Participant: 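So that we are looking at the same thing, I have put the structure below in structure tokens.
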Amino acid sequence: MGLRVLGNNVLVKRDEIEKYKGMIELPDIVIPALEKVSPKGTVVAVGKEVKEIKVGNRVYFQQFGGSYLEKDQNLLILREEEILGFVDD
């Protein structure tokens with residue numbers, strides 16, 4: 001059973017924050033709490049009313065916007081108007 005996205009909503013898989021710089025692991029002190037959540041990701045699914053965004057697009061959105069799915073903290077549902085920009089592949 002898959003998740004069907006409705007209306008003008010977009011399902012995004014949020015990027016992981018890089019904890020490594022070269023071969024050195026950055027401690028949590030170097031990465032402030034506000035930067036532990038990435039403001040970009042890849043579109044996994046779109047609703048039928050979405051006009052510009054397509055599956056596979058890399059998108060940028062507000063860092064704490066959208067709604068998380070309970071089971072997976074990396075999947076996020078956003079409205080199309082919450083997306084600030086995207087890279088067209």
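Small disclaimer: the values here were computed from a predicted structure and weren't measured.
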Participant: Below 4.5 Å, heavy atoms only, C-beta onward: do L3 and L75 meet side chain to side chain?
Facilitator: no

Participant: Please list, chain by chain and in numerical order, all residues satisfying side chain to side chain contact (heavy atoms under 4.5 Å, CB included) with V59, sequence neighbours excluded.
Facilitator: V12, V43, I53, N57, F61, I83, F86

Participant: Any non-hydrogen side-chain atom of L69 less than 4.5 Å from a side-chain atom of I77?
Facilitator: yes

Participant: Quick check: closest heavy atoms across G56 and T42, and the distance to 0.1 Å?
Facilitator: O-CG2, 3.9 Å

Participant: Would Y68 end up clustered with L78 when hydrophobic side chains under 4.5 Å apart are linked, directly or stepwise?
Facilitator: yes

Participant: Taking all heavy atoms of L76 and all of G65, pick out the closest pair and write down the distance.
Facilitator: CD1-O, 3.5 Å

Participant: Give every residue pair that meets the side-chain hydrogen bond (donor to acceptor under 3.5 Å, both in side chains) criterion with at least one member in residues 78-87, sequence neighbours excluded.
Facilitator: N8-E81, R79-E81

Participant: Between R58 and D15, is any pair of side-chain heavy atoms under 4.5 Å apart?
Facilitator: yes

Participant: For the atom pair NZ (K13) and CG (N74), what is the distance rounded to the nearest 0.5 Å?
Facilitator: 6.0 Å

